[in-house]
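Here's the structure, in structure tokens; my notes come after.
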There are 2 protein chains.
Amino acid sequence: MSPPDTKQRILDAAEHLFATDGYHATSLRCITHAAMVNLAAVNYHFGSKEALLEAVIVRRLTPLNEMRLGQLEALLQRSEQSRQVPSCREVLRTFVEPTLRQRQNGSEKGDFVTLIGRTLAEPRGIAMTIFMRHMDPLMIRLYQALSLALPGLSQQLLFWRIHFAVGSLSHIMRCHERHSLVPEDVRIDLPVDELVELFLDFAVAGMEAAG
Amino acid sequence: MSPPDTKQRILDAAEHLFATDGYHATSLRCITHAAMVNLAAVNYHFGSKEALLEAVIVRRLTPLNEMRLGQLEALLQRSEQSRQVPSCREVLRTFVEPTLRQRQNGSEKGDFVTLIGRTLAEPRGIAMTIFMRHMDPLMIRLYQALSLALPGLSQQLLFWRIHFAVGSLSHIMRCHERHSLVPEDVRIDLPVDELVELFLDFAVAGMEAAG
DNA sequence: GTCTATACGATGATAGAC
DNA sequence: GTCTATCATCGTATAGAC
């Protein structure tokens with residue numbers, strides 16, 4: 001019944017190493033060494049290195065998406081009851097806040113956000129199938145909600161602006177370390193709540209811009 | 001004197017294959033086969049696979065940055081002569097338009113934009129050193145220009161909003177293929193000029209948002 | 001069912017002959 | 001400058017022990 005923790009140990013080690021060093025730079029031998037399991041255990045439990053990446057992602061993406069979708073549906077229900085369309089900021093917040101908040105949790109969950117951001121930028125094949133399966137239902141609902149919140153936007157404009165906003169969010173998901181161009185008096189390690197508001201200020205204004 | 005075209009043939013083949021299949025998925029043997037040169041020629045001329053990637057990027061990034069910096073300096077000079085601060089849209093345009101316009105040129109130059117977008121998202125080591133060396137001077141000038149255009153913004157706000165805008169741009173640099181969530185009546189292959197204006201509408205509104 | 005030991009082909013890198 | 005030969009390491013596959 002209770003499964004041996006081999007799978008869990010592999011998942012934990014892989015999550016941390018993938019996020020820290022990148023998917024390609026992490027060898028299975030390095031993962032199995034850190035997890036103190038045999039090399040072949042990866043292929044036995046997961047089938048391949050790429051399938052392991054998917055398992056690592058899905059483990060955290062599923063509950064995260066449930067939270068995001070739950071908050072979105074709750075918002076839509078409230079707006080329906082009050083006969084008011086939801087605001088663009090409220091809609092975006094249901095997506096952005098759970099995402100960025102995960103970064104400040106225990107280290108392994110923060111790793112996950114970085115990993116997602118990086119994997120989103122991978123060439124197709126590795127990430128595309130994973131995200132198509134697990135993100136599409138949520139994204140479709142987000143589309144509908146934003147279409148309600150921004151009735152003045154054409155389908156075309158709405159699509160492109162969501163595209164821009166997603167790109168921006170995925171960027172801050174993976175880039176949260178000090179790099180060369182940060183002025184001295186700028187805080188790169190902003191508290192999550194402030195970062196969420198900063199991002200929403202930017203994204204909402206972009207979404208609502210005159211077209 | 002005139003170098004044999006071995007280096008050029010390697011650069012051309014690598015640029016296309018890196019952009020099409022991704023850096024890690026492209027083997028040196030595949031590159032040298034396409035370039036019709038010996039495997040060891042890569043390490044002789046460039047030193048390593050990663051150094052080859054840098055050479056591929058620098059070859060096109062240098063003239064692109066010269067164009068972006070040239071347009072920015074010209075704008076700043078005009079604004080100084082007219083005693084008017086440049087607009088945020090004008091400043092951003094000097095960066096965005098040359099970038100996206102390169103995508104529609106000959107196929108190999110379009111490859112390059114995709115490659116840049118992807119490399120920007122790589123974990124540190126591969127890309128960080130390349131971009132620090134070749135982007136920082138331009139980015140510093142962009143900072144100054146945007147600081148002029150948006151005098152109401154604090155250093156902190158300016159930094160974060162540039163961060164958001166760069167993330168958004170890098171996203172559309174690498175993602176310009178049809179994916180699952182594109183509605184039927186949305187054009188994913190927008191003409192470059194329209195895409196530039198669409199992006200500027202979004203980014204300028206985000207930059208100028210009330211803080 | 002789980003796990004281990006071992007082997008295979010392909011990769012990036014390098015040394016040395018020409 | 002170019003090539004062949006060779007190396008350690010990679011992801012993967014399988015046979016067999018527990």
Side-chain angles (χ1 to χ4, degrees), chain A residues 1-59 115 118-119 122-130, chain B residues 1-57 115 118-119 122-130:
Chain A
M1 262 306 130
S2 70
D5 52 359
T6 302
K7 275 184 82 167
Q8 292 297 325
R9 287 219 305 279
I10 293 175
L11 284 172
D12 291 337
E15 179 174 58
H16 182 249
L17 290 168
F18 282 160
T20 304
D21 303 330
Y23 171 76
H24 294 282
T26 305
S27 70
L28 289 183
R29 284 163 178 84
C30 187
I31 293 171
T32 53
H33 177 78
M36 294 181 294
V37 301
N38 186 272
L39 168 64
V42 171
N43 274 287
Y44 173 75
H45 284 287
F46 300 97
S48 69
K49 185 184 182 184
E50 195 170 319
L52 171 61
L53 174 64
E54 171 158 3
V56 166
I57 290 176
V58 167
R59 176 170 68 147
L115 179 58
R118 291 234 177 99
T119 310
E122 290 274 340
R124 54 188 28 60
I126 293 196
M128 194 52 81
T129 50
I130 300 178
Chain B
M1 264 307 131
S2 69
D5 51 0
T6 301
K7 277 185 81 164
Q8 291 297 325
R9 286 217 308 279
I10 293 175
L11 283 172
D12 291 337
E15 178 174 59
H16 182 250
L17 290 169
F18 282 160
T20 304
D21 303 329
Y23 170 75
H24 289 99
T26 305
S27 70
L28 290 182
R29 286 164 176 83
C30 187
I31 293 171
T32 52
H33 177 78
M36 293 181 295
V37 301
N38 186 271
L39 169 63
V42 171
N43 274 290
Y44 173 75
H45 284 287
F46 299 97
S48 69
K49 186 184 181 185
E50 194 170 318
L52 171 61
L53 173 64
E54 170 157 2
V56 167
I57 289 176
L115 179 58
R118 292 231 178 100
T119 310
E122 291 274 342
R124 55 189 31 57
I126 294 196
M128 193 54 80
T129 50
I130 301 178

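Per chain, numbering begins at 1; letters A, B, ... match sequence-line order.
Judged as a salt bridge (Lys or Arg N to Asp or Glu O under 4.0 Å), the pairs with a partner in residues 15-25 of chain A (not counting sequence neighbours) are, in order, A:Glu15-A:Arg59, A:Glu15-A:Arg60.
In this structure, the side chains of A:Glu54 and A:Phe46 stay at 4.5 Å or more apart for every pair of heavy atoms.
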Please output the side-chain donor-acceptor pairs of residues 25-34 of chain B that fall under 3.5 Å, not counting sequence neighbours, one pair per line with the distance.
from    : atom 1 : to      : atom 2 : distance (Å)
B:Thr26 : OG1    : B:Leu17 : O      : 3.2
B:Thr26 : OG1    : B:Gly22 : O      : 2.8
B:Ser27 : OG     : B:Cys30 : N      : 3.1
B:Thr32 : OG1    : B:Leu28 : O      : 3.0
B:Thr32 : OG1    : B:Arg29 : O      : 3.1

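In this structure, B:Leu17 atom CG and C:dT11 atom P are separated by 13 Å, rounded to whole Å. Distance A:Phe46 CZ to D:dA13 P: 16 Å, rounded to the nearest Å. Between A:His45 atom NE2 and D:dT12 atom C1' the separation is 16 Å, expressed in whole Å. The interatomic distance linking B:Asn43 (CG) with C:dA15 (C1') rounds to 12 Å, in whole Å.
A close approach under 4.0 Å does not occur between any side-chain nitrogen or oxygen of A:Ser48 and OP1 or OP2 of D:dG11. An OP1 or OP2 oxygen of C:dT2 is reached within less than 4.0 angstrom by a side-chain nitrogen or oxygen of A:Tyr44.
The ring pair (Phe, Tyr, Trp, His ring centres under 6.0 Å) check on A:Tyr23 picks up A:Phe18, with sequence neighbours excluded. For A:Ala41, the side chain to side chain contact (heavy atoms under 4.5 Å, CB included) criterion is met by A:Thr6, A:Ile10, A:Val37, A:His45, not counting sequence neighbours.
Using a 4.0 Å cut-off on heavy atoms, the residues of residues 25-40 of chain A that approach DNA chain D are A:Thr26, A:Ser27, A:Leu28, A:Arg29, A:Leu39, A:Ala40, listed by number.
Across all their heavy atoms, B:Ala51 and B:Ser48 have their closest contact at N-OG, 3.1 Å.
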